[in-house]
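Just below is one structure, and these are the notes that go with it.
Worth knowing before you read on, the calculation uses all heavy atoms, side chains too, and leaves out hydrogens, waters and symmetry mates.
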Amino acid sequence: MTVYIDPPNWPGHGRMWSHLISDRSFGELHAFAAQLGVPPRAFERDHYDLPSEWYAPAVTAGAVEIGSKELVRLLHAAGLRRPKGRCAPAVGVRATLESR
(Lines give C-alpha, C1' and ligand atoms only; values in the text may rest on other atoms or scores of the structure.)
Protein backbone atom coordinates (compact mmCIF):
# COMPACT_ATOMS: atom_id res chain seq x y z
CA MET A 1 0.00 0.00 0.00
CA THR A 2 1.38 3.40 -0.97
CA VAL A 3 -0.30 6.67 -0.20
CA TYR A 4 1.22 10.09 -0.70
CA ILE A 5 1.00 13.42 1.10
CA ASP A 6 2.09 16.90 0.08
CA PRO A 7 3.35 19.52 2.55
CA PRO A 8 0.77 21.57 4.46
CA ASN A 9 1.10 24.58 2.15
CA TRP A 10 -2.58 25.20 1.40
CA PRO A 11 -4.33 27.85 3.54
CA GLY A 12 -7.99 27.63 4.45
CA HIS A 13 -10.24 28.26 7.44
CA GLY A 14 -7.35 29.70 9.45
CA ARG A 15 -5.21 26.56 9.02
CA MET A 16 -2.70 25.03 6.64
CA TRP A 17 -3.64 21.85 4.76
CA SER A 18 -2.08 18.85 3.04
CA HIS A 19 -3.58 16.46 0.51
CA LEU A 20 -3.50 12.68 0.95
CA ILE A 21 -3.83 10.50 -2.16
CA SER A 22 -3.33 6.98 -3.49
CA ASP A 23 -1.91 6.20 -6.90
CA ARG A 24 -3.68 2.81 -7.00
CA SER A 25 -7.26 3.04 -5.76
CA PHE A 26 -9.74 4.97 -3.70
CA GLY A 27 -10.24 1.80 -1.65
CA GLU A 28 -6.58 1.89 -0.63
CA LEU A 29 -6.85 5.59 0.19
CA HIS A 30 -10.03 5.15 2.27
CA ALA A 31 -8.48 2.22 4.19
CA PHE A 32 -5.37 4.24 5.05
CA ALA A 33 -7.41 7.28 6.10
CA ALA A 34 -9.67 5.12 8.28
CA GLN A 35 -6.63 3.49 9.92
CA LEU A 36 -5.25 6.96 10.62
CA GLY A 37 -8.59 8.09 12.08
CA VAL A 38 -9.36 10.68 9.39
CA PRO A 39 -13.11 11.39 9.26
CA PRO A 40 -14.84 10.49 5.96
CA ARG A 41 -16.00 14.10 5.57
CA ALA A 42 -12.34 15.04 4.85
CA PHE A 43 -12.56 13.25 1.47
CA GLU A 44 -12.79 15.70 -1.43
CA ARG A 45 -13.39 14.13 -4.89
CA ASP A 46 -10.00 12.36 -5.20
CA HIS A 47 -8.05 13.16 -2.02
CA TYR A 48 -8.32 13.77 1.70
CA ASP A 49 -7.72 17.27 3.06
CA LEU A 50 -5.60 16.98 6.20
CA PRO A 51 -4.79 19.89 8.53
CA SER A 52 -1.10 20.44 9.25
CA GLU A 53 -1.25 18.67 12.62
CA TRP A 54 -2.12 15.41 10.79
CA TYR A 55 0.94 15.63 8.51
CA ALA A 56 3.48 13.99 10.85
CA PRO A 57 1.09 11.21 11.99
CA ALA A 58 0.30 10.41 8.33
CA VAL A 59 4.00 10.17 7.48
CA THR A 60 4.65 8.05 10.56
CA ALA A 61 1.82 5.72 9.46
CA GLY A 62 3.49 5.30 6.05
CA ALA A 63 2.41 8.14 3.76
CA VAL A 64 5.20 9.11 1.36
CA GLU A 65 6.11 12.80 1.33
CA ILE A 66 6.03 14.38 -2.14
CA GLY A 67 5.55 17.83 -3.65
CA SER A 68 2.15 19.11 -4.71
CA LYS A 69 2.92 19.01 -8.44
CA GLU A 70 4.09 15.40 -8.18
CA LEU A 71 0.95 14.53 -6.23
CA VAL A 72 -1.29 15.84 -9.02
CA ARG A 73 0.87 14.08 -11.64
CA LEU A 74 0.42 10.75 -9.81
CA LEU A 75 -3.36 11.22 -9.63
CA HIS A 76 -3.52 11.89 -13.37
CA ALA A 77 -1.23 8.96 -14.24
CA ALA A 78 -3.38 6.61 -12.14
CA GLY A 79 -6.59 7.84 -13.78
CA LEU A 80 -7.94 8.89 -10.38
CA ARG A 81 -8.03 12.68 -10.83
CA ARG A 82 -11.52 14.15 -10.39
CA PRO A 83 -11.32 17.89 -11.12
CA LYS A 84 -13.87 20.32 -9.73
CA GLY A 85 -16.87 20.98 -11.93
CA ARG A 86 -17.08 17.50 -13.38
CA CYS A 87 -20.20 15.47 -12.83
CA ALA A 88 -19.90 12.41 -10.64
CA PRO A 89 -19.65 9.18 -12.66
CA ALA A 90 -22.65 6.90 -12.99
CA VAL A 91 -23.11 4.32 -10.22
CA GLY A 92 -21.54 1.44 -12.21
CA VAL A 93 -18.62 3.58 -13.27
CA ARG A 94 -18.16 4.86 -9.73
CA ALA A 95 -17.97 1.29 -8.37
CA THR A 96 -15.34 0.46 -11.00
CA LEU A 97 -13.29 3.56 -10.22
CA GLU A 98 -13.43 3.05 -6.48
CA SER A 99 -12.26 -0.54 -6.80
CA ARG A 100 -9.10 0.58 -8.64
Side-chain angles (χ1 to χ4, degrees):
M1 173 188 300
T2 305
V3 296
Y4 300 88
I5 191 166
D6 65 356
N9 292 332
W10 302 95
H13 307 287
R15 302 166 95 174
M16 298 300 286
W17 299 82
S18 292
H19 302 104
L20 184 72
I21 66 149
S22 168
D23 66 347
R24 295 191 190 259
S25 72
F26 292 115
E28 175 183 63
L29 178 61
H30 295 316
F32 184 88
Q35 180 183 14
L36 194 58
V38 177
R41 70 180 178 273
F43 185 69
E44 178 73 28
R45 293 180 324 274
D46 54 14
H47 66 276
Y48 280 88
D49 290 323
L50 297 183
S52 59
E53 59 268 18
W54 286 71
Y55 185 82
V59 171
T60 299
V64 176
E65 300 170 274
I66 62 173
S68 300
K69 289 181 182 180
E70 179 69 5
L71 183 136
V72 173
R73 190 195 68 72
L74 286 173
L75 275 177
H76 279 287
L80 297 174
R81 183 71 173 127
R82 293 180 180 168
K84 280 185 181 179
R86 297 265 173 97
C87 295
V91 174
V93 175
R94 180 177 299 175
T96 301
L97 288 173
E98 290 185 358
S99 69
R100 285 182 159 180

At what distance, to the nearest 0.5 angstrom, does NE2 of His47 lie from CG of Leu29? 9.5 Å
Asp46 vs Ile21 side-chain heavy atoms within contact, under 4.5 Å: no
Separation between NE2 (His19) and CG (Leu50), nearest 0.5 Å, reads 9.0 Å
Could you measure the distance from the CG atom of Leu74 to the NZ atom of Lys69? Nearest 0.5 Å is fine. 14.5 Å
Which heavy-atom pair separates Asp6 from Ser18 by the least distance, and what is that distance? O-OG, 2.8 Å
Quick one: do Val38 and Met16 end up in the same hydrophobic cluster if we chain Ile, Leu, Val, Met, Phe, Trp and Tyr together by side-chain heavy atoms under 4.5 Å apart? no
What is the minimum heavy-atom distance between Ala58 and Phe32, and which atoms define it? O-CZ, 3.6 Å
Say you draw a straight line from CG of Asp23 to NE2 of His76; how long is it, rounded to the nearest 0.5 Å? 14.0 Å
Say whether Leu71 and Val64 are linked into one hydrophobic cluster, either directly or through other cluster members, by side-chain heavy-atom distances under 4.5 angstrom. yes
Without hydrogens or angle criteria, can the side chains of His30 and Tyr48 be said to hold a donor-acceptor pair below 3.5 Å? yes
Does Glu65 use its side chain to pair, donor to acceptor, with the backbone of Pro7 at less than 3.5 Å? no
Heavy-atom distance under 4.5 Å between the side chains of Trp17 and Pro8, does that happen here? no
Scanning both residues in full, the closest heavy-atom pair of Pro57 with Leu36 reads O-CD1, 3.7 Å
Full working for side chain to side chain contact (heavy atoms under 4.5 Å, CB included) between Ile5 and Trp54: CA-CA 10 Å; Ile5 191 166; Trp54 286 71; over 6 Å; no
